[in-house]
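This report refers to the structure that appears directly beneath it.
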Amino acid sequence: MPVDLRWVWAKSVMDDHGRPTHWLPLQQHLDDAAGVAARLVDHWVSPQVLGRIAKDLGGDVDAVRELACWLARVHDVAKASCAFAVQVPLLADRMRDAGIVANPMLMTHPDRSRAHHTVVGYLAVRDFLAAEVGPVFADQMASVVAAHHGVPPERSTLAEVAGLTELIGGGVWQEAREFFLRRASEGVDWSRYQDIRLSMPSQVLLTAIVILADWIASNADYFPLLEAHEPPRDLDTAARVDHAWKRLALPRRWRASPVSSNVDAAFSERFAIPGGVVRPVQAAAVEVAATQSVPGLVIVEAPMGVGKTEAALLAAEELAARSGADGVFMALPTQATTDAMFDRVRSWVEALPGRDGSVSVTLAHGKASLNDTFTGLVRDGWFTSVGEDGEHDESAVVAHRWLSGRKKGVLASFVVGTIDQVLFAGLKSRHLMLRHLALAGKVVVIDEVHAYDVYMSQYLERVLHWLGAYGVPVVLLSATLPAARRVRLVAAYDGTPAPAVDGYPLILASGGTAPKVLPLPGNGTTVALDRLSDDIEQVVTFLREHLREGGCAVVVRNTVGRVQATAERLEQEFGVEHVTVNHSQFLSCDRARIDRELLRRFGREGERPALHIVVASQVVEQSLDVDFDLMVTDLAPMDLVLQRLGRLHRHPRKRPEPVTTARCAVVGVEDWAAEPVRAVAGSRAVYGEHLLLRSVALIVERDKVALPQDIAPLVQRAYDEDPVGPESWQSALARAKKRADDDEVRRVAAARTFLLDKVGSSRKSLIGWVRAGVGDADDGREGLAQVRDGGESLEVLVVQQDRHGGLHTPQWIDRGGGDPVPTDLPIEPPQERVVAACSLRLPRALSNPGVDLAVISALEKNCFPSFHSSPLLKGQLVLVLDVNGEADIGHGDVGFHVRYDPRRGLVHERR
DNA sequence: AATAAAAAAAAA
Ligand SMILES: [Fe+3]
């Protein structure tokens, strides 16, 4: 009598006592997964992705479907192995009764966990396919099966596990595996795949489809299990898949249409500007996107305020229409700008044609759960898709309940996220394939590319390399880039040289497309430069003189300490009410309040005070569209100085007579008469000597800067290799360059640790793909590999304690301040969000290697059960301030005294 | 020689 292989089990659910309550036969799980894979390919996976895989299969999309379904139908084939089956004695016993016998003692075999079903699956699939197709393709297909838990094994592991024959199981076990492999192959003509090789991109994408099919098919809400006591029976797979797919109700694909035939109409519809006409940058970006030989990389270099975002979105539509992308991933450098962009992108999505019902959106960053718009959409997503028929919800935009969380959230069609979420695609980590699938189906837009340092650029360039290999169109938005950076970005994407051009604003593209230099906007600003000594009294005099009839000034300092010291002197001189302080050492809710306030007063339609001085760190350099009459700045690298100068006379308006000419005093140097001119120590610590020397060499030779026409030449000179400055500076410059180069080498090396390898040849399989990666260790604080430079900075939640020991939210904050916070009972959800918004990133002095562990130990003493039981607050360090906003942080021989002042931020001193 | 800004964490 033939053995009934339906007794081979794949899924089991246990009760609290470890007894199985439910189970599912392997055969059914494989059929379910294959059914889901087919639906995914037919209805959900981006045409751009299908096209990419099909490229390796002679352009045949049906073959993509065939391979995806076959892989899903064999992915768990090695659950038909002794090592796996013995894990649940009850189910193993029933298999034994059916004639599939394993030794129960194998349960405790020391190598049992090494004979994992992913690795044994590799061996089974490879051996099966080797008889049908070439060895390379067999290895590649098998590697997809091996990778279906997110980390493919190493080559050495394969050989070791192959020797564990007792755990793998021969005889009936071998026959069982071959049975399932043959069963999956019914109707597959392997001779068609004789000469096929899969590129790495295709293998990664197929793996991602298999993983998703597995996850969906493993969800018992969609695919019900059998009761533990039930024998196997033939379930109606088609009906199960149909039911599950309706319940899951994934949003439809988006089909883009070209906009180039009538850009103005598209522009006015998308952005709700009746009769709107595109601006030059927007028209040019769309034209380049439309005429590029193959949709590829487009770089838009232009100043803030010329409509770059709209240019990128319109270009993305054009590129998507050509490439088959069914979504857009927009990445920005900070959570705050990401939140703001989310609302803009959402309005654009709502106005998009080509939606068939709802499309899915995600806000992707670490604090997305604090964003009210997004959490609202998440709630709607739960609410609307509970219905059985699912599809007829008419809201244009949903945060789909299944496309949520760190790994699946980015699979939504439209994602707005921090740049980190894109850079993670270059970081060896578990389930990396899903992040690749998320990017590979879309057009990727990356904002503020000029702002990324050497370390992040390693990741950015590697990700661009993979995106190029996937055929993903990419739009990079930037201020002017040093030519060398531009060349590296284009080369990273598709290995071609960047066209040699100078100019600004500039649009260039990969694939030999002619670059476009656009006319500069006519209404420029010429800034007069003054050079003052680093004496604060000189700054006072300068401000006194030029603000004699009032006006709004900004003083930009390079360190928080200098900001705080300057603010103290200026408050004394001009009065507290005329001075605002801004830097990163504020609670995030306070920082948000200060930013809002700055925009309200110094923004485009701002209610400008008669006299005011903002003292700030680099936080005013980026993003905020604020306008000042007068500036004082610490010497900084040239591109940053220019960014700062961009905050002068930015909007047309009437200004007090003494500041009708834009004027900036450069300070923060030790001695303007010295050779060379050196920046103060704090600035050197932040930026390094070399960039500062090159910057100041260009500043000493001029008394004014014309914006925007001087920007491109100044940035190029500051960052190219040609000598700058007088002869007497050259030896110092050379020494500084050597140190900067050494430092860069160190940072590049640090970035490489977890950097994903390049695509490599088509002979390769996924085996070892994330070798030496974070692997299993990507959970928890220690193992978290990074895409940003520098040691881990410590983030704390700040609460206050009254004289009786009761906790309350900080007294001064805008929303929910001074309310009691329970220490044991659960914190109410609205208050959870208030507390979560009181986060503060501690300064370097408190998180340096050497003191960090002591600081963590000290803060870990502030441990409250109420925090621990809250998903939002759990695991975070807590800083408890007394009624005066002060605290001692001490452990062992490390001790700090900190004081928080809502006007000045955190002040610390070592004791 | 003394330090900016910025981000981050669940799978079958
Ligand atoms: Fe599995």
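Quick note on labels: first sequence line is chain A, next is B, and so on, each numbered from 1. Quick caveat: nothing in here was measured; it's all calculated off a predicted structure.
In this structure, a donor-acceptor pair under 3.5 Å is absent between the side chains of A:D634 and A:Y687.
Protein atom CG of A:D221 is 19 Å distant from nucleotide atom P of B:dA11, rounded to whole Å. Whole-Å rounding puts the A:H148 NE2 to B:dA11 P distance at 15 Å. Rounded to an integer number of Å, the gap from CG of A:L872 to P of B:dA10 is 13 Å. Going from atom NE2 of A:H116 over to atom C1' of B:dA12 covers 11 Å, rounded to whole Å. In this structure, A:F424 atom CZ and B:dA10 atom P are separated by 11 Å, rounded to whole Å. Rounded to whole Å, the distance from CG on A:L432 to P on B:dA11 is 14 Å.
Evaluation of the salt bridge (charged side-chain N to carboxylate O under 4.0 Å, His left out) rule for A:R39 yields A:D242 as partners, not counting sequence neighbours. Residues passing the side chain to side chain donor-acceptor pair (under 3.5 Å) test with A:S869: none are found, sequence neighbours excluded. Shown here are the salt bridge (charged side-chain N to carboxylate O under 4.0 Å, His left out) partners of A:E461, two or more places apart in sequence or in another chain: A:R488. Among residues two or more places apart in sequence or in another chain, the salt bridge (charged side-chain N to carboxylate O under 4.0 Å, His left out) test is passed with A:D595 by A:R591. For A:R844, there are no salt bridge (charged side-chain N to carboxylate O under 4.0 Å, His left out) partners, not counting sequence neighbours.
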Per-nt protein contacts along nucleotides 2-7 of chain B (heavy atom under 4.0 Å; B base, S backbone sugar-phosphate only, - none) come out as SBBSBB
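Within the nucleic acid shown, A:H149 comes within 4.0 Å of sugar-phosphate atoms alone, with no base atom in reach, counting heavy atoms only.
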